Peer 1: 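Structure in structure tokens, see below.
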Amino acid sequence: MKSVKKKSTIILFLLLAGILVYSQYQSASEISVSISENAIINEDNSNYKIELVFTNPSLLTLPAGETEFFVFYDDEMVGKGNLESFTLYPISSIYVEGTFTTDTNSDESKSVKISGITKYDLLITTIEVPFDYYPTDEQTRKFIQ
């Protein structure tokens, strides 16, 4: 009788642990990104400083290495950049600075999109979370000054 109770307890524990891990994995996949600031560093080379806000809805601490991202303008890639390495703590937000360089002049009638994939290294796996961000009209004007 004790053996059956012990096996049931172990199975229940593993089931609950699996549900918790899966739910946190799903939450980590829903990390949101928004832009908080961007500014021109050097007009001659079209270098920009950017600051993005990452929000973590999960209970996992997510360390991220350097993140490469791309700037799209009317569905055409016009620049690329990098974000610093960072750690995204549970149920919190972090401001991450980076730079990018563009190589085209454009007009305001087109749309800007920032896309990238951030890799979060966990103990047993790596989660790749893609992000797309569409700046507001005001933020778009700063990109194309």
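Side chains are part of it too, since the values below use all heavy atoms of this structure and drop only hydrogens, waters and symmetry mates. In this text the structure is predicted, and so the values were computed from the model without any measurement. Residues take their numbers from the sequence shown, with the count starting at 1.
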Peer 1: Got a second to check how far L14's CG is from T9's OG1, nearest 0.5 Å?
Peer 2: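 Between atom CG of L14 and atom OG1 of T9 there are 11.0 Å.
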
Peer 1: Assign the ring pair F69 / F100 to parallel, tilted or perpendicular, where the plane angle (0 to 90°) is split at 30° and 60°.
Peer 2: perpendicular

Peer 1: Considering non-hydrogen atoms only, spot the tightest contact between V96 and L83 and give its length.
Peer 2: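 Taking V96 first and L83 second, the nearest heavy atoms are CG1-CB, 3.9 Å.
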
Peer 1: Quick check: is L88 connected to V53 through a chain of hydrophobic side chains (ILVMFWY, heavy atoms under 4.5 Å apart)?
Peer 2: no

Peer 1: Supply the atom-to-atom distance T101 OG1 to N82 CG, rounded to the nearest 0.5 angstrom.
Peer 2: 9.5 Å

Peer 1: At what distance, to the nearest 0.5 angstrom, does CD1 of I10 lie from NZ of K5?
Peer 2: 13.0 Å

Peer 1: Return the minimal non-hydrogen interatomic distance between I91 and P57, and the atom names on each side.
Peer 2: CG1-O, 4.1 Å

Peer 1: Side chains of N56 and S92: is there a donor and an acceptor less than 3.5 Å apart?
Peer 2: no

